[in-house]
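Both ligands and their constituent atoms are indexed starting at 1 by order of listing. If you read the sequence from its start, that first residue is 1, and numbering goes on from there.
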Amino acid sequence: MKEEQFIPKPYNNSLENGSFTWSSPSNIALVKYWGKKEHQIPENPSISFTLDNCKTTTILSFSKKEYNDSFSFEVFLDDEQKDDFNPKIETFFKRVEAYLPFLKDYHFKIETSNTFPHSSGIASSASGMSALALCLMSIEKELMNSDVTLIVPDSYRDEGSSDENYFIQKASFLARLGSGSACRSLEGDLVVWGKHDKIEGSSDLFGVKYPYEVHQSFKNYQDTILLVDKGEKQVSSTVGHNLMHGHPFSQERFKQAHKNLSDMISILKGGDLDAFIALVESEALTLHAMMMTSMPYFILMKPSTLEIINKIWSYRKSSGSKVCFTLDAGANVHVLYPENEAASVMKFINTELVAFCQKGEYINDKIGFGAKLL
Ligand code: DP6
């Protein structure tokens, strides 16, 4: 699969205006993406759980405009116009224009809302970019005369891809050009992004549903997100990714991610939760170790992040629980645990961990199954 295969055939339908609404979840990586090449190509493969409750709903309304010499759009978050999102959308439109040649023909109104508070420190770029990419794909499908069977380019059809597959893959491909991790937010419950030699169909260009057997223990896995620091990130992911260029440990880190993903295949199959814990926690700490050892260096964890990690370790030791943590590029802690421990772990969180959350806030989430057209 090459980029060119996402350039559409000439459209055979014309549309004056319309609107589509998609809701798309966030995701939490188990093996982390940290470091990218040009054109949003990841330096290493990653795998994530798709979430269920943390999601973005986007209504994309479009109307034909007179001149098609520039992009035209406005962005609203919770009914409030947000011009500070414009540069990000402009960059996204520029990156995807070759694959969506209708972009300059319309004025777009992008109305978006998140189920999680904007100031929660939970990044909305994954869910937001994937919802927007799906809305754009819905427009493309209409422009293709709304008959899905016409979408797939002939060259790709020969490789045996179905139209439905193509729709979701192209949406993931577009979402990636908005924000890397967004390409893992379209489907569930486990998604791989980045070429890995043991995962069939894996690609640097888009996320794919994890194709192998997953043990019963991981079904309905729980994720309680402890909101430790709800402020704006001091260092954006984009800056962090860039600091992996010339980083003294980057090459070893990229190799390690490949190995961890290989190991994950047997862990997911066999249900060895101790091995799962070791791998997932090590990935989280490695991600932050990369930040601490880049130049310039930075720390995104807060004292409460470390308090929570230590509490989780001692609770696990004393109770035999299989609870563990992971982190993304911030101070919040994702507490992961099997469904059969939901009651006991919630009790532990409420008695020992809420004290470290800003205003005692957390979000209960679990593995989910991807985006929906509303
Ligand atoms: C730490 O996807 O936010 O969450 O591609 O620059 O938009 P951009 O970065 P982004 O990076 C996410 C990094 C991470 C790990 C992960 O989700 O795999």
Side-chain angles (χ1 to χ4, degrees), residues 24-51 54 56 85 87-92 95-96 116 120-133 172-186 190-194 196 202 204-208 210 223 225 229 232-245 247 250 253-254 256-258 260-261 264 279-292 294 298-301 305 325-334 336:
S24 186
S26 185
N27 68 78
I28 180 68
L30 304 170
V31 173
K32 309 287 181 182
Y33 147 57
W34 198 244
K36 60 178 161 183
K37 301 177 201 163
E38 248 197 314
H39 308 301
Q40 297 280 105
I41 298 299
E43 288 277 11
N44 64 259
S46 57
I47 185 167
S48 53
F49 275 153
T50 306
L51 295 181
C54 289
T56 298
F85 288 0
K88 194 154 186 171
I89 302 293
E90 179 88 21
T91 304
F92 173 61
R95 285 182 189 162
V96 299
F116 46 91
S120 59
I122 298 180
S124 58
S125 59
S127 49
M129 282 299 174
S130 99
L132 180 57
S172 174
F173 169 85
L174 299 171
R176 185 197 99 241
L177 292 168
S179 175
S181 56
C183 77
R184 298 187 312 236
S185 266
L186 290 87
L190 278 156
V191 177
V192 175
W193 167 43
H196 186 274
S202 59
D204 283 346
L205 299 180
F206 46 79
V208 295
Y210 178 71
D223 179 3
I225 308 160
D229 185 35
E232 282 280 305
K233 275 195 264 182
Q234 304 126 299
V235 182
S236 74
S237 291
T238 306
V239 171
H241 286 294
N242 281 335
L243 290 173
M244 289 300 276
H245 296 300
H247 187 294
S250 60
R253 159 60 197 155
F254 303 146
Q256 178 197 43
H258 279 270
N260 282 347
L261 196 43
M264 195 54 124
L279 195 155
V280 167
E281 292 190 346
S282 159
E283 273 289 321
L285 294 179
T286 301
L287 167 71
H288 284 258
M290 290 299 115
M291 301 173 189
M292 289 193 247
S294 63
F298 58 103
I299 301 180
L300 295 184
M301 291 185 285
T305 312
F325 71 86
T326 189
L327 308 166
D328 52 21
N332 293 338
V333 182
H334 288 249
L336 302 177

Identify the heavy atoms of Thr56 and Phe116 that sit nearest to each other, and give their distance. OG1-CZ, 4.4 Å
Crowded around Ile299 CD1? As in, over 12 foreign heavy atoms under 6.0 Å? no
Are there any N/O pairs under 3.5 Å between ligand 1 and the protein, and if so, what are their distances?
from     : atom 1 : to     : atom 2 : distance (Å)
ligand 1 : 2 (O)  : Ser179 : OG     : 3.3
ligand 1 : 2 (O)  : Ser181 : N      : 2.8
ligand 1 : 2 (O)  : Ser181 : OG     : 2.7
ligand 1 : 3 (O)  : Ser237 : OG     : 3.4
ligand 1 : 5 (O)  : Tyr33  : OH     : 2.6
ligand 1 : 5 (O)  : Lys36  : NZ     : 3.4
ligand 1 : 5 (O)  : Gln40  : NE2    : 3.4
ligand 1 : 5 (O)  : Gly180 : N      : 2.7
ligand 1 : 6 (O)  : Lys36  : NZ     : 2.7
ligand 1 : 6 (O)  : Thr238 : OG1    : 3.3
ligand 1 : 7 (O)  : Ser179 : OG     : 2.7
ligand 1 : 9 (O)  : His241 : NE2    : 3.0
ligand 1 : 11 (O) : His241 : NE2    : 3.0
ligand 1 : 17 (O) : Arg184 : NH2    : 2.7
ligand 1 : 18 (O) : Tyr33  : N      : 2.9
ligand 1 : 18 (O) : Arg184 : NH1    : 3.0
ligand 1 : 18 (O) : Arg184 : NH2    : 3.2

Please state whether the rings of His258 and His196 are parallel, tilted or perpendicular, taking 30° and 60° as the class boundaries. parallel
With sequence neighbours excluded, what pairs up with Ser294 under the side-chain hydrogen bond (donor to acceptor under 3.5 Å, both in side chains) test? none
If we count only N and O atoms by modelled type, under 3.5 Å, do the side chains of Lys32 and Thr326 hold a donor and an acceptor together? yes
Are there more than 12 heavy atoms of other residues, nucleotides or ligands under 6.0 Å from atom NE2 of His39? no
